[in-house]
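Residue numbers run from 1 in the order of the sequence given.
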Amino acid sequence: MSSCASSSKGKRKLNEVKKLSVLIVADDDISQNSYILCLQKFGVETLGVRNGFMAFNIHDKTQMRFDLILMSSTMPIMDGIEATKKLRSMGITTMIVGITTPNDNEEYRKEFMDAGLDECYEKPLIKEILQSLVEKISNKV
């Protein structure tokens with residue numbers, strides 16, 4: 001994965017907006033930690049959970065809401081497809097971005113998108129993709 005160092009120009013622009021929050025739903029510790037570190041360098045608050053059931057429970061049992069949800073496709077207990085469907089059925093309108101693996105076929109990616117994703121990328125998410133997503137959500141809030 002590429003370094004998360006960013007130019008001061010891009011960083012200044014991102015830090016001028018309201019503090020954004022991102023929920024990272026992934027059972028892969030290495031990916032989750034790299035996304036957290038990168039997003040924090042952009043001034044974003046982050047919370048990481050290990051599966052879709054935990055993401056669903058956060059929204060169902062608490063008042064916590066996020067500006068962006070990064071949702072891994074394959075996880076134990078509740079995968080990304082089921083979690084996305086449940087979140088959308090609850091009325092969650094937060095931007096949800098799916099993260100697929102190189103092993104996920106086109107049919108699976110389509111099913112994931114159809115579950116209610118706004119966008120979908122194959123992992124790993126590089127710094128430029130994360131920065132682009134932060135910029136998109138910062139324009140919405």
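Side-chain atoms of R50 never come within 3.5 Å of backbone atoms of A26 as a donor-acceptor pair (strictly under, hydrogens ignored). Remark: the backbone N or O of L130 is not paired with any side-chain donor or acceptor of Y35 at under 3.5 angstrom. In this structure, the side chain of S31 does not engage the main chain of D28 through any donor-acceptor pair within 3.5 Å. At distances below 3.5 Å, not a single donor-acceptor pair connects side-chain atoms of E119 with backbone N or O atoms of I96. No donor-acceptor distance shorter than 3.5 angstrom exists from the side chain of S132 to the backbone of E128, with no hydrogens or angles considered. Side-chain atoms of S73 never come within 3.5 Å of backbone atoms of G80 as a donor-acceptor pair (strictly under, hydrogens ignored). Using a distance-only test at 3.5 Å, with no hydrogens or angles considered, no donor-acceptor pair links the side chain of Y121 to the main chain of T100. Looking at D27, its side chain never comes within 3.5 Å of a backbone N or O of M75 through a donor-acceptor pair. No side-chain donor-acceptor contact under 3.5 Å links N33 to the backbone of I30.
Cluster membership check: M113 shares its hydrophobic cluster with I69, using side-chain heavy-atom separations under 4.5 Å among Ile, Leu, Val, Met, Phe, Trp and Tyr. Linking ILVMFWY side-chain heavy atoms closer than 4.5 Å, directly or via other members, places L47 and I24 in two distinct hydrophobic clusters. Hydrophobic clustering (side-chain heavy atoms under 4.5 Å, transitive across Ile, Leu, Val, Met, Phe, Trp, Tyr) groups L70 together with I129. At a threshold of 4.5 Å between side-chain heavy atoms, the hydrophobic network of Ile, Leu, Val, Met, Phe, Trp and Tyr places M90 and L117 in one connected group. Under the 4.5 Å side-chain contact rule for hydrophobic residues, I99 and V134 share a cluster.
Salt bridge annotation for K86-D60: absent, with no cationic side-chain nitrogen under 4.0 angstrom from a carboxylate oxygen. For the pair E106 and R109, the salt-bridge criterion is met [side-chain N within less than 4.0 Å of a carboxylate O]. Ionic pairing of D118 and R88 is present here: one or more N-O contacts between side-chain nitrogen and carboxylate oxygen are shorter than 4.0 angstrom.
The shortest non-hydrogen separation linking V49 to M54 is CB-CB, 3.8 Å. Across all their heavy atoms, T84 and G116 have their closest contact at CG2-C, 3.8 Å. The nearest pair of heavy atoms linking S138 to L20 is CB-CD1, 3.8 Å. Contact detail for R65 and T62: the closest heavy-atom pair is NH1-O, 3.6 Å. Among all heavy-atom pairs drawn from F66 and T94, the shortest one is O-OG1, 3.0 Å. Closest approach of D67 and K19 over heavy atoms only: OD2-O, 4.2 Å.
For the atom pair N105 CG and K110 NZ, the distance stands at 12.5 Å (nearest 0.5 Å). To the nearest 0.5 Å, the span separating CD1 on I58 from CD on Q63 amounts to 13.0 Å. Rounded to the nearest 0.5 Å, atoms CD (Q131) and CZ (F42) are 4.5 Å apart. Going from atom CD1 of I137 over to atom OG of S21 covers 7.5 Å, rounded to the nearest 0.5 Å. To the nearest 0.5 Å, atoms CG (L39) and NZ (K127) are separated by 12.5 Å.
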Which is it for H59 and L87 under the side-chain contact (heavy atoms from CB on, under 4.5 Å) test, yes or no, and what are the steps along the way? CA-CA 8 Å; H59 287 85; L87 290 170; 3.6 Å; yes
Please step through side-chain contact (heavy atoms from CB on, under 4.5 Å) for the pair E107 and F112, ending with a clear verdict. CA-CA 9 Å; E107 185 177 314; F112 199 9; over 6 Å; no
Please lay out, stage by stage, how K123 and T101 fare under the test side-chain contact (heavy atoms from CB on, under 4.5 Å). CA-CA 6 Å; K123 76 179 193 177; T101 70; 4.2 Å; yes
Give the C-alpha distance, both sets of side-chain angles, the deciding distance and a yes or no for side-chain contact (heavy atoms from CB on, under 4.5 Å) between I81 and Y108. CA-CA 9 Å; I81 292 173; Y108 186 83; 3.4 Å; yes
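Counted by atom type alone, T46 and Q40 present one or more donor-acceptor pairs between their side chains at under 3.5 Å. Side chains of T74 and D79: no donor on one and acceptor on the other come within 3.5 Å.
For F53, the CZ atom sits in a loose shell: 12 or fewer heavy atoms of surrounding residues, nucleotides or ligands are nearer than 6.0 Å.
Between L68 and V97 there is a side-chain heavy-atom pair separated by less than 4.5 Å.
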